[in-house]
Number of protein chains: 2
Amino acid sequence: MTGETEVTDVATQPTESGADLTRSRLIEAARKAFGEKGFHATTTRDIAAAAGLSPAAVYVHHRTKEDLLYAISRAGHEAILTDMRAAIAGAPEVAGKLEAVVHAMVLRHTREYAAARVVNYELDGLSAQHREDIEKLRAQIQGIVRRLLRTGVADGSFVVDDVRITSNAIVAMAIDAARWYRPATDPAPDRIASHHARLAVRMVAAAG
Amino acid sequence: MTGETEVTDVATQPTESGADLTRSRLIEAARKAFGEKGFHATTTRDIAAAAGLSPAAVYVHHRTKEDLLYAISRAGHEAILTDMRAAIAGAPEVAGKLEAVVHAMVLRHTREYAAARVVNYELDGLSAQHREDIEKLRAQIQGIVRRLLRTGVADGSFVVDDVRITSNAIVAMAIDAARWYRPATDPAPDRIASHHARLAVRMVAAAG
DNA sequence: GTCTATAATTCGATAGAC
DNA sequence: GTCTATCGAATTATAGAC
């Protein structure tokens with residue numbers, strides 16, 4: 001916009017290219033590394049090397065290592081929320097909604113387990129400001145499940161002793177899949193997701 | 001035994017004192033720090049300061065920082081196994097055993113959440129050799145739950161689609177409590193443990 | 001935008017006096 | 001066994017050439 005010396009593109013397409021592509025490549029490398037070794041055990045040199053760049057190149061595209069973590073964490077949380085909302089919208093009654101939500105969560109926490117590990121286990125690496133932002137998204141995730149249980153209790157579909165503890169347990173089951181899941185030895189994500197979804201319904205369903 | 005120049009103790013009691021006490025204090029400081037900030041984010045200076053010692057004092061009692069992690073991890077895993085075995089021995093039939101085991105696991109993962117976080121989330125900090133040792137203990141933990149489910153299925157107490165996935169889910173629920181539990185705002189450990197234990201039984205119980 | 005080189009810290013671990 | 005002092009390596013991030 002402000003006086004480029006070259007006309008580089010045929011048209012400014014929504015497809016990323018050039019610098020944006022390098023930026024994405026660094027995020028992808030960081031996501032993998034953070035998910036596998038943890039934020040603090042990953043060096044900026046690891047990230048640069050995985051993206052095929054020199055250590056200094058990282059800082060052209062991202063202000064700090066923590067900025068990379070924030071970008072990955074934010075995108076990860078928003079992706080989960082999008083999945084959950086789509087799942088709820090796609091089922092008619094409350095038991096089906098719960099089953100779909102758990103399925104969506106477990107599917108993402110296994111399929112994208114590296115990103116999911118960053119989302120759930122690398123919160124301490126965030127700055128105070130970024131941590132606050134992320135915690136709001138996490139509260140929304142918990143809120144969705146909690147509301148679902150309350151709705152089910154209200155219309156008689158569910159029988160639940162303590163909504164808070166039970167929703168914690170259901171979310172816990174899904175989140176922890178990102179920790180134990182190993183693609184090489186475990187069943188396919190869809191199979192694990194279906195199974196967990198049925199288990200969640202069994203935990204709260206009213207009758208047989 | 002080999003020519004002490006001083007007779008320091010009235011008797012060599014099983015009670016720890018002197019150097020052993022300092023050693024324990026360092027382990028306690030490290031457990032808290034590793035559990036709250038993670039192994040890599042904790043410095044040996046943090047540990048020394050928390051124990052009221054100079055940075056160098058750590059190495060009089062522990063060879064390396066990783067040695068501290070291993071000691072904490074090993075003791076933590078063994079404590080969980082002890083809890084689980086006692087729980088199983090204390091209940092007559094299989095549903096009661098499962099309920100008791102989950103109760104014991106959740107109780108420990110909330111009450112001792114700092115230690116439990118080290119046990120479950122700081123495996124990457126271990127050396128290859130130590131990691132192998134620890135993985136054997138972890139396999140035993142999974143094995144106990146898996147055997148319990150198989151026994152319940154065999155005698156008709158439980159109905160389970162997939163024993164491996166279901167036992168993973170049950171253990172996941174217990175482990176993840178160490179991640180989300182906050183003593184300041186959450187219900188008492190015993191209440192959470194009881195609730196989770198009932199949920200686990202509901203996941204697998206045959207009839208109403 | 002990418003590189004090489006390096007500044008400025010910080011870390012795990014050790015040396016040596018008491 | 002504890003301390004002060006410090007080594008040597010590794011880390012995040014920047015400077016400056018191309």
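Here is the naming used below: chain letters follow the sequence lines, and residue numbers restart at 1 for every chain. Keep in mind it's a predicted model, so treat the numbers as computed, not measured. Worth knowing before you read on, the calculation uses all heavy atoms, side chains too, and leaves out hydrogens, waters and symmetry mates.
In this entry the distance linking CG of A:L53 with C1' of C:dT4 reads 14 Å, nearest Å. Distance A:D67 CG to D:dT12 C1': 13 Å, rounded to the nearest Å. Between B:I47 atom CD1 and D:dT2 atom P the separation is 15 Å, expressed in whole Å. One interatomic measurement links the two molecules: NE2 of A:H62 to C1' of C:dT2, which rounds to 15 Å at whole-angstrom precision. Rounded to an integer number of Å, the gap from B:H40 NE2 to C:dT10 C1' is 15 Å.
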May I have the step-by-step check of side chain to side chain donor-acceptor pair (under 3.5 Å) for A:N120 and A:R138, ending in yes or no? CA-CA 9 Å; A:N120 292 299; A:R138 295 184 72 77; 3.2 Å; yes
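Within residues 21-30 of chain B, no residue is approached by DNA chain C to less than 4.0 Å at the level of any non-hydrogen atom.
Listed by first and then second residue, the ring-ring contact (aromatic ring centres under 6.0 Å, His included) pairs that reach into residues 40-83 of chain A are A:Y70-A:H130, sequence neighbours excluded.
Salt-bridge check for A:D176 with B:R179: failed, with every basic side-chain N at 4.0 Å or more from each acidic carboxylate O. Note on A:R25 versus A:E28: no salt bridge recorded, every NZ/NE/NH1/NH2 to OD/OE distance being 4.0 Å or above. Salt bridge absent: B:K37 and A:D124 never bring a charged side-chain N and a carboxylate O closer than 4.0 Å.
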With sugar-phosphate taken as primed atoms, P, OP1 and OP2 and all else as base, the protein-contact string of nucleotides 13-18 of chain C at under 4.0 Å (heavy atoms; B, S, -) is BBB---
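Of the candidates C:dC11, C:dC3, D:dT11, C:dC3 carries the atom nearest the A:S54 side chain, counting heavy atoms from C-beta on.
A donor-acceptor pair is defined here as one N or O able to donate and one able to accept, closer than 3.5 Å; such a pair exists between the side chain of B:R202 and the backbone of A:M203.
Between A:H196 and A:W180, the angle of the ring planes stays under 30°, which puts this pair in the parallel group of the 30/60° scheme.
OP1 or OP2 of C:dT2 sits under 4.0 Å from a side-chain N or O of A:H61.
Exactly one residue among B:D83, B:I144, B:I141 makes a side-chain contact (heavy atoms from CB on, under 4.5 Å) with B:M105. That residue is B:I141.
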